[in-house]
**Q** 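Right, I'll just put the structure down here and ask away after.
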Amino acid sequence: MHLKCSETKAAIGELVMASSDSGMAKTGCPSATPIPRRGFVEMLLGGGFLATAAAFVYPVMRYFVPPKTADLGGDSVVAAKVGELKPNSGKIFRFGSRPGLLILTAGGEYKAMSAVCTHLSCTVQYRPEMGEVWCACHNGTYGLDGRNISGPPPRPLQAFDVQVRGDEIFVTRRREG
Amino acid sequence: MTVLRNMLNWLHERLEWDDLIAPLLKKTVPRHRLSYWYFLGGITLFLFMIQVATGILLLLYYRPGSNEAFESVQYLMTQVQFGWLIRSIHSWSANLMIFTAFAHMFSVLFLKAYRKPRELTWISGVILLGLVMGFGFSGYLLPWNTLAFFATKVGTEIAGQVPLIGRPIMIFLRGGEEVTGATLTRFFGFHVAVLPAIVTLLIGVHLLFVQRQGMSVPPSVEKEWEANPSAIRETKFFPNFALRELMAWYVGLGILGVLAAMFPWNLGVKADLFASAPAGIKPEWYFLFMFQALKLLPSKVWFIDGEVLGILFFGLVGLLWLLLPFLENDRSARSKQWITGLSIFALAFVITMSVYGYVAK
């Protein structure tokens, strides 16, 4: 009896869609619901497709994002040996995954800073004839303390501490606060 | 000859393509004094086909990866017979293709071929131009030399400056926080798989639109023809226009051959991730106008970083450019003049900034 009733409803699916209440009443089915059957099936199917799509899209979106790599540099690194740099010259050294710049000033003082230009991340260099730090990409200049002097750089280069221990020159990241 | 004819007949008996090619044989294109500007799109397509062919050839020797890429290109250029020529053709054809794509765009702009009903053709074309520049940007890194390394660093950093979405985009492009071998692997994937698939599809759509709507007639010619209908000239697409186009391709091939053989493309110095950017570093000429404009901006404008302002400005211009056909009001003559004026200004800006960027230190 019940099966027959649902069969009838399926057969008049279209009718139910068009005029829900009156259509239901005519069949005399006790389980008549206010949700039209076709709409329900479409919702189920559409929802299923959406869920399937999400099940594909989500892993792919996550896949796009590369895993974080640890910065293996730590807070301190040997940038050079004593005597390696002539006065009024600079050297790029590796500080973790980024380059740093060590300068021996004309006055014999060591200065160290990040070599990543604060403008668009090019690697800067020391220009002995200018006595300044210069970025070749967009002509930005910085002072020996890392302060941005001219050109597009918006911020100073991060300055590092320099310590000479024995014949090694250690560069250390400054602790905030 | 008879063998060929017999083979054709044999195929024709089985496939019967008469009804398929009938519209093509009937197809006509307008003929007027500005017709030659309409060859630029076809030449761009021809250069794209050369890119696909030479790109496949380069794939036979190229190895992506920061330890192998530079060496494999070096090997290709010094050991492989005609390797230097294939790479030189690929590089020159890429540059010519970007040039003809730009020229095609500006000719469409000045001949007003973007007007209704061709808005979608314009939009697909602007997207194609962006994708072609993406081809240039991603391909430039593949030899893994110093110039390419810093160009990619700066280019992806610029993408990273976009507020909110910039940083995730930058990390997605670089395959990490920094430009490394992971970036090279990604760019290789974009360059040889993602972009070719999208561009091929979009070229198909672009050509389908052109096919459906026929070729646009410039307003000046249109006015003359309206006044004097007997002056209307049309020419058959097959064989008249197609053969002319083919001749244009042949000339293009000649120019490409001369450039590639006489001025072989350099390989440069292998990228060193821990070296300073070399003095005099500049991007490829087609990015030069943006590079120079960004270089001229001060570090701070009011409270915003100059860079961010520049990027937002270029982004906005790009969006307006894409929607240009919708800015032109059908009825008012003023909007038409306004768009032509804007196009002339844009062209002058691009040329001036490119020349300035080229000569500036």
**Q** So what's closer than 4.5 Å to chain A heavy atoms on B:Gln292: side chain, backbone, both or neither?
**A** neither
**Q** Can you tell which part of B:Ala182 gets under 4.5 Å to a heavy atom of chain A, answering side chain, backbone, both or neither?
**A** neither
**Q** Atom CE of residue position A:Met61 - does it have more than 12 heavy atoms of other residues, nucleotides or ligands inside 6.0 Å?
**A** no
**Q** For side chain to side chain contact (heavy atoms under 4.5 Å, CB included), just list the numbers for A:His119 and B:Val154, CA-CA rounded to whole Å, side-chain angles, deciding distance to a tenth of an Å, and then say yes or no.
**A** CA-CA 9 Å; A:His119 176 226; B:Val154 170; over 6 Å; no
**Q** Which region of B:Pro283, side chain (C-beta onward) or backbone (N, CA, C, O), has a non-hydrogen atom less than 4.5 Å from a non-hydrogen atom of chain A, or is it both or neither?
**A**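 Neither the backbone nor the side chain of B:Pro283 comes within 4.5 Å of chain A.
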**Q** Rounded to the nearest 0.5 Å, what separation is found between the CG atom of A:Leu120 and the CD atom of B:Glu307?
**A**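 CD of B:Glu307 is found 4.0 Å from CG of A:Leu120.
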**Q** Checking A:Pro154 against chain B: side chain, backbone, both or neither under 4.5 Å from a heavy atom?
**A** both
**Q** Indicate the atoms forming the closest heavy-atom contact of A:Cys122 with B:Phe150, along with that distance.
**A**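 Heavy-atom minimum between the residues: SG-CD2, 3.9 Å.
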**Q** Could you tell me whether B:Phe314 atom CZ has more than 12 heavy atoms of other residues or ligands within 6.0 Å of it?
**A** yes
**Q** What distance separates A:Tyr126 OH from B:Ser276 OG, expressed to the nearest 0.5 Å?
**A** 13.0 Å
**Q** What's the shortest heavy-atom distance between B:Glu157 and A:Ser121, and which atoms?
**A** OE1-OG, 2.6 Å
**Q** If I compare all heavy atoms of B:Gly176 with all of A:Pro66, which pair ends up nearest, and what's the gap?
**A**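 In terms of heavy atoms, the two residues are closest at N-CG, 3.3 Å.
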**Q** Could you tell me whether a side-chain N or O of A:Gln125 sits under 3.5 Å from a main-chain N or O of B:Ala277, the two making a donor and an acceptor?
**A** yes
**Q** Mind listing the closest non-hydrogen atom pair of B:Phe274 and A:Ser97 along with its distance?
**A** CZ-O, 3.7 Å
**Q** Does CZ belonging to B:Phe102 count more than 12 external heavy atoms closer than 6.0 Å?
**A** yes
**Q** Could you please spell out the steps behind the side chain to side chain contact (heavy atoms under 4.5 Å, CB included) verdict for B:Leu273 and A:Arg94?
**A** CA-CA 9 Å; B:Leu273 274 58; A:Arg94 192 176 176 147; over 6 Å; no
**Q** Can A:Phe64 and B:Ile171 be said to form a side chain to side chain contact (heavy atoms under 4.5 Å, CB included), step by step?
**A** CA-CA 9 Å; A:Phe64 281 154; B:Ile171 290 174; over 6 Å; no
**Q** Do other residues, nucleotides or ligands put more than 12 heavy atoms under 6.0 Å from B:Phe349 CZ?
**A**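 Counting other residues, nucleotides and ligands, CZ of B:Phe349 exceeds 12 neighbours.
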**Q** Does the side chain of A:His138 reach to within under 4.5 Å of the side chain of B:Leu294, using non-hydrogen atoms?
**A**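 No, side chains not in contact.
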**Q** Just wondering, are more than 12 heavy atoms of other shown residues or ligands nearer than 6.0 Å to CG in B:Leu164?
**A** no
**Q** Tell me, yes or no, whether the heavy-atom count around B:Arg167 atom CZ, taken from other residues, nucleotides or ligands under 6.0 Å, exceeds 12.
**A**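 Result for CZ/B:Arg167: open.
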**Q** Measure the spacing between CD1 of B:Ile281 and CG of A:Asn139 and express it to the nearest 0.5 Å.
**A** 13.0 Å
